[in-house]
Peer 1: 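Just passing along the structure, written as structure tokens.
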Amino acid sequence: MIARRPNIKVIVSAVAYHRPISIKDLPSNKHAHQVFDQSPRYKFLSINRCMLKHIHNNWPGRAINVFKQQLQLGFSENIDEVTIAIALKACNGELGLGLQLHGFAITSGYVSFTTVSNALMSVYFKAGDFGRALYIFENLNCPDIVSCNTVLSGSKNSESAFFFALEMNVKGIQFDAVSFTKLLSYCLDLEGFLFGLQLHCLILKYGLDCEVFVANSLITLYSRQGLLIHARKIFDEMPIHDLVSWGAMISGYTHEGNCATDSIQLLVEMLSVGFRPDHVSLTGAVSACSQDGNLELGRQIHGLSMKIGQGKHTSVCNILMSIYSKMEEIADVRLIFKHMNDRNVISWTTMISADKGESISLFNEMRWDGIYPNDVTFIGLLHSITSRNLILEGRAVHGHCVRTGFSSKLNVSNCLITMYSKFNEMENASSIFEETTSREIVSWNALISGYAQNGMHQEALDVYFSIMEFYQPNPYTFGSVLSAIGAAENISLRQGQRCHSHIIRLGLDSDPIVSGSLLDMYAKRGSILESLRVFSQTSLKSQFAWTAIISACARHGDYESAMALFNEMEKEGVKPDSITYLAVLTACGRKGMVDAGREIFNSIIRDCSIEPSPEHYSCMVDMLGRAGKLDEAEELLGRSPGSPSLSALQSLLGACRMHGNVEMAERVVNALMEIKPMESGSYVLMSNLYAENGHWEKVAKIRKGMRESGVVKEIGFSWVDDGSLSLHGFSSGDMSHPQSEEIFCTAHCLGLEIQLLREEEGKDGCHSQGGKRACPSINV
DNA sequence: CCGGAACGCC
């Protein structure tokens with residue numbers, strides 16, 4: 001905006017002829033003040049106008065000074081009730097000043113003017129002094145609509161505002177445009193919406209729907225409830241749009257998905273009718289793009305913002321950084337951040353969360369810049385520390401959170417719980433939880449999921465059952481607790497079924513997260529039929545659910561179902577992730593479908609969005625090894641990025657034993673010894689291989705080596721679930737079970753039956769996982 | 001002269 005030049009002629013003639021000067025002739029503070037000071041005894045220029053000018057120019061302190069000056073000089077005849085009202089406006093809710101002016105109003109008698117009382121009320125409301133404000137209202141001689149509106153907008157919350165509106169209604173005071181505008185602003189949540197609709201009816205009745213302020217509020221009312229069509233209708237039908245109307249309509253589209261283009265279209269229209277978009281319309285449009293994940297449109301608004309001179313506005317930059325960060329264009333985030341003039345907490349927090357590698361130094365820089373962090377800053381920082389496994393830094397930030405008091409914030413303490421869970425420090429995680437005062441389901445979820453991830457399945461379950469009665473679990477609670485049950489061999493499936501019944505009772509069985517976790521749990525615990533049942537009943541099948549069911553079929557060696565489901569998944573348009581591919585490869589491996597497996601593996605490499613992980617390689621090695629393609633397996637292992645994984649080498653070693661390749665097995669064992677020298681499995685496998693091929697002296701050497709280096713064979717453990725809540729645990733040589741004798745007898749009979757069946761099928765009929773032969777004597 | 005509206009990032 002170009003500052004208007006002072007119309008000196010007008011001012012001079014006004015001063016000369018003792019005429020009041022219009023506000024618009026006073027173009028700047030400086031001139032206003034000069035003219036004002038120069039006028040003899042300030043007579044020629046209304047004090048009121050001068051004070052207003054100062055307020056208008058965001059300089060209320062000067063207005064107050066002008067007022068005080070008058071009093072000090074003893075020119076009280078220049079002051080009227082309007083002067084006092086203006087002075088009160090200049091208080092900006094400062095209680096001390098307000099009280100002083102109140103005193104003056106009483107002594108001078110101006111307090112009886114409704115205008116003055118209204119202004120006083122406004123000051124007290126702004127200062128949070130509801131008692132004084134309402135006292136004035138109740139003692140008014142003749143309250144007008146402005147008084148009522150002042151109370152409406154000063155109301156503590158929507159409830160008291162609605163209550164007051166009701167009182168107005170009872171007393172027969174009709175709402176005006178201002179009342180409606182204010183009341184509508186209290187109706188923006190779902191609860192207030194019905195009342196908002198009633199207000200809309202009244203507005204139409206009074207014919208106030210064309211008032212810009214009212215129409216703007218109506219646009220917001222409807223767009224907040226996702227009723228964009230209604231909002232748009234009001235927008236299209238209103239006679240005049242102002243900047244707020246455009247801003248409200250454009251950002252209305254951010255509450256609805258798939259609206260980036262609508263929002264941009266409005267922005268273009270706005271430009272074409274001669275409006276310069278402000279930060280509200282720009283942030284609204286960018287956030288619509290962000291929601292749609294439409295980076296290209298976001299970039300175009302970025303360009304537009306720069307062109308119209310809003311490219312450095314803090315909130316515009318913040319939201320641009322956020323969309324670039326969401327789309328992982330970190331270089332762009334850095335660039336915007338670098339060129340910003342006023343970085344606020346949000347700018348810094350966005351940067352800290354976006355640039356995980358630099359988050360700690362960014363945090364320090366922020367402090368140097370004098371910006372104080374908030375809870376979200378710490379959350380971003382803790383996230384990056386957690387993902388980078390920086391244990392020491394994590395502790396330091398934890399200390400910082402405690403010192404600054406942010407650790408008592410629920411969201412921060414949850415992050416701390418998650419962080420310590422990730423660091424495998426569950427004592428710390430649970431002690432933070434214990435210190436948390438306001439526990440909510442999210443905190444419990446963080447704790448349960450921490451226990452689940454650290455293999456402390458029973459603890460996870462205990463926490464779950466302890467909160468069940470007092471808190472309403474949400475989908476994430478079940479996600480964690482079901483994954484714990486799924487992973488725990490030593491927890492009875494009955495516990496899982498108990499959870500399932502809770503889920504049904506809570507009506508969460510149709511939730512995509514819950515049903516995915518549920519079928520995953522059943523699948524991992526061997527109940528493939530139950531798993532399939534849950535899957536078929538799930539209407540919204542998530543990627544997780546598809547992957548879980550494909551993995552389940554793969555684990556059960558059901559290649560056909562796994563492949564059929566995989567194809568169906570792709571047909572449904574659900575993108576497979578790396579775990580899905582792992583499951584499909586496993587299915588191929590179990591069935592010996594080497595060509596199909598190879599083809600899928602190559603397709604992962606071709607599709608550059610997924611990087612084959614060590615697990616994929618080890619799966620391939622296992623598949624090739626089982627099929628006897630030992631050389632190809634070894635070659636693939638050599639090609640895999642990084643050093644070969646333990647499981648891949650073990651698979652290959654198993655394959656070597658299966659196919660009697662002693663020479664390669666020796667190479668593999670050497671590699672295994674380098675990675676994990678104390679792993680008893682490698683020794684045992686190798687010694688068995690030597691034994692099978694008659695290298696007895698080497699067998700003895702290995703056994704000796706094991707004894708010398710202190711490698712102990714792990715004792716096998718297993719659990720039997722008889723459908724009760726607890727399990728029966730067994731280890732080899734253990735006779736403590738009360739029914740041991742019976743069990744051993746049954747196991748022996750089973751062993752004999754298996755042996756008979758195997759002899760009928762031929763010797764190499766079946767191999768269990770890991771290359772071990774199904775052994776006729778069962779360890780009980 | 002006193003009372004009113006939109007947006008929002010982490």
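So you know, we letter chains A, B, ... as the sequences are listed, proteins then strands, and number each from 1. Here the structure is a predicted model, which is why all the values come from computation and not from measurement.
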Peer 1: May I ask you to check whether A:Y253 and A:R232 show a side-chain donor-acceptor distance below 3.5 Å?
Peer 2: yes
Peer 1: Find the distance A:N344:CG to B:dC10:P and express it as a whole number of Å.
Peer 2: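 For the pair A:N344 CG and B:dC10 P, the rounded distance is 12 Å.
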Peer 1: Give the nucleotide from the list B:dA5, B:dC9, B:dC1 with an atom nearest to the side chain of A:K89.
Peer 2: B:dC1
Peer 1: Return yes if a side-chain donor-acceptor contact under 3.5 Å exists between A:N48 and A:D80, otherwise no.
Peer 2: yes
Peer 1: What nucleotide among B:dC10, B:dC2, B:dG8 has an atom nearest to a side-chain atom of A:S353?
Peer 2: B:dC10
Peer 1: Rounded to the nearest angstrom, tell me the gap between atom CE in A:M321 and atom P in B:dC9.
Peer 2: 14 Å
Peer 1: Rounded to the Å, how far apart are A:L88 CG and B:dC1 P?
Peer 2: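 Whole-Å distance recorded here is 15 Å.
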Peer 1: Base, sugar-phosphate or nothing for A:T150? Non-hydrogen atoms, less than 4.0 Å.
Peer 2: sugar-phosphate
Peer 1: Quick one, A:H400 with A:F363, criterion ring-ring contact (aromatic ring centres under 6.0 Å, His included). Give me CA distance, side-chain angles, the key distance, then yes/no.
Peer 2: CA-CA 12 Å; A:H400 201 83; A:F363 181 80; 5.7 Å; yes
Peer 1: Categorize A:I250 for me: base, sugar-phosphate, or nothing, with a 4.0 angstrom heavy-atom threshold over every strand shown.
Peer 2: nothing
Peer 1: Quick one: A:L243 CG to B:dA6 P, roughly how many Å, whole number?
Peer 2: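 Interatomic distance, CG of A:L243 to P of B:dA6: 14 Å.
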Peer 1: Name the closest nucleotide to the A:V280 side chain, picking from B:dG4, B:dC7, B:dC1.
Peer 2: B:dC7
Peer 1: Once you apply a heavy-atom cut-off of 4.0 Å, does A:R224 come out as touching a base, just sugar-phosphate, or nothing?
Peer 2: sugar-phosphate
Peer 1: For a quick check under 3.5 Å, do A:S361 and A:N364 share a side-chain donor-acceptor pair by atom type?
Peer 2: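 No - no donor-acceptor pair under 3.5 Å links their side chains.
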Peer 1: Give the nucleotide from the list B:dA6, B:dC10, B:dA5 with an atom nearest to the side chain of A:T220.
Peer 2: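 Taking heavy atoms from C-beta onward, the closest nucleotide is B:dA6.
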Peer 1: How is A:I86 classified with respect to the nucleic acid when contacts are heavy atoms under 4.0 Å: base, sugar-phosphate, or nothing?
Peer 2: sugar-phosphate
Peer 1: Give the nucleotide from the list B:dC10, B:dA5, B:dC2 with an atom nearest to the side chain of A:S217.
Peer 2: B:dA5
Peer 1: Checking all strands, does A:S251 fall into the base, sugar-phosphate, or nothing category for heavy-atom contacts under 4.0 angstrom?
Peer 2: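 Touches sugar-phosphate only.
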Peer 1: What's the CD1-P distance between A:I346 and B:dC10, to the nearest Å?
Peer 2: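 From A:I346 CD1 to B:dC10 P: 8 Å.
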Peer 1: For the pair made of CG in A:L199 and P in B:dA5, what is the distance, rounded to whole Å?
Peer 2: 14 Å
Peer 1: Could you state the NE2-C1' distance from A:H241 to B:dA5, rounded to the nearest angstrom?
Peer 2: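 Rounded to the whole Å, the gap is 14 Å.
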Peer 1: So which nucleotide from B:dC7, B:dC1, B:dC10 ends up closest to the side chain of A:T350?
Peer 2: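 Shortest atom-to-atom distance from the side chain points to B:dC10.
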Peer 1: Is it the case that the side chains of A:S315 and A:N318 hold a donor-acceptor pair, with the cut-off being a distance below 3.5 Å and no angle test?
Peer 2: no
Peer 1: Which part of the nucleic acid, if any, lies within reach of A:A177 when heavy atoms closer than 4.0 Å are counted: base, sugar-phosphate only, or nothing?
Peer 2: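 Base contact - A:A177 has a heavy atom under 4.0 Å of at least one base atom.
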Peer 1: Would you mind telling me which of B:dC2, B:dC10, B:dC9 lies closest to the side-chain atoms of A:S315?
Peer 2: B:dC9
Peer 1: Assign A:D278 to base, sugar-phosphate, or nothing according to its heavy-atom contacts below 4.0 angstrom with the strands shown.
Peer 2: base
Peer 1: Indicate, with a heavy-atom threshold strictly under 4.0 Å, whether A:T115 touches base, sugar-phosphate, or nothing.
Peer 2: base
Peer 1: What is the distance, to the nearest angstrom, from the NE2 atom on A:H279 to the P atom on B:dC7?
Peer 2: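 Atom-to-atom, A:H279 to B:dC7, this comes out as 11 Å.
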Peer 1: Run the side chain to side chain donor-acceptor pair (under 3.5 Å) check on A:S147 and A:N118 step by step: do they pass?
Peer 2: CA-CA 5 Å; A:S147 326; A:N118 290 345; 2.8 Å; yes
Peer 1: For the side chain of A:V214, counting heavy atoms from C-beta on, which of B:dA5, B:dG4, B:dG8 is nearest?
Peer 2: B:dG4
Peer 1: Among B:dC7, B:dC9, B:dG4, find the nucleotide with the atom closest to the side chain of A:T181.
Peer 2: B:dG4
Peer 1: If we count only N and O atoms by modelled type, under 3.5 Å, do the side chains of A:E440 and A:S443 hold a donor and an acceptor together?
Peer 2: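 No - no donor-acceptor pair under 3.5 Å links their side chains.
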Peer 1: Identify whether any heavy atom of A:D80 sits under 4.0 Å from a base atom; if not, whether one sits that close to sugar-phosphate; answer base, sugar-phosphate or nothing.
Peer 2: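 No contact at all - A:D80 keeps every heavy atom at 4.0 Å or more from the nucleic acid.
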Peer 1: Let's see if you can work this out: which of B:dG8, B:dC10, B:dA5 has an atom nearest to the side-chain heavy atoms of A:V376?
Peer 2: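 When the side chain of A:V376 is considered, B:dC10 is the closest of B:dG8, B:dC10, B:dA5.
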